[in-house]
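See structure below.
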Amino acid sequence: MEQKGYYKDWLHRKAGTKIVIMGAGSGQGLRAAVMLALAGWKVGVAGRNVKVLKAIKQKFPKNVEWAEIDVTHDDAPKRLEG
């Protein structure tokens, strides 16, 4: 995924910044997690697809932490604090 212009510069200036992405196991959440990890951000990825979350962690071991969290479950807020 190529980053262009302003966004590329902004992403790299923010390297080391922390973010948590819910729904990082697919779609836009996955794309955002990978793009931010590539730019050097510290990314917490959460979602239901453990296989994908582990793969992101494996690809970016220093930048990514993961947790299996289903936001439809009542314990989701507690698991995020975890």
Side-chain angles (χ1 to χ4, degrees):
M1 179 181 315
E2 186 177 338
Q3 305 153 359
K4 297 182 181 180
Y6 170 81
Y7 295 106
K8 180 179 180 181
D9 294 339
W10 182 83
L11 285 172
H12 290 282
R13 279 196 313 266
K14 298 289 185 176
T17 300
K18 297 177 183 178
I19 190 168
V20 174
I21 300 176
M22 301 299 293
S26 65
Q28 292 177 338
L30 174 58
R31 287 185 203 97
V34 169
M35 182 176 64
L36 292 166
L38 278 169
W41 289 50
K42 303 296 183 187
V43 184
V45 294
R48 296 178 294 185
N49 192 335
V50 172
K51 184 176 179 180
V52 172
L53 300 177
K54 285 182 178 180
I56 299 169
K57 170 68 176 176
Q58 186 175 2
K59 186 169 184 170
F60 304 101
K62 294 181 180 178
N63 293 59
V64 172
E65 296 298 330
W66 70 274
E68 181 181 12
I69 300 176
D70 186 338
V71 297
T72 65
H73 293 171
D74 292 338
D75 69 342
K78 289 279 185 204
R79 292 182 55 79
L80 184 58
E81 291 173 8

task = Mind jotting down which residue pairs meet the side-chain hydrogen bond (donor to acceptor under 3.5 Å, both in side chains) criterion with at least one end in residues 57-66? Sequence neighbours excluded, please.
result = K57-E65
ask   = V64 and side chain to side chain contact (heavy atoms under 4.5 Å, CB included): which partner among V34, L53, V43?
value = V43
ask   = If every non-hydrogen atom of V52 is compared with every non-hydrogen atom of G25, which pair is closest and at what distance?
value = CG1-O, 3.4 Å
request  = Give every residue pair that meets the side-chain hydrogen bond (donor to acceptor under 3.5 Å, both in side chains) criterion with at least one member in residues 41-50, sequence neighbours excluded.
outcome  = none
key: Non-neighbouring partners of D74 that pass side chain to side chain contact (heavy atoms under 4.5 Å, CB included), sequence neighbours left out   = none
request  = Determine the sole option in L30, L36, I56 for which the side chain to side chain contact (heavy atoms under 4.5 Å, CB included) test with I21 is passed.
outcome  = L36
task = Working to the nearest 0.5 Å, report the span between CD of E68 and CZ of R79.
result = 6.5 Å
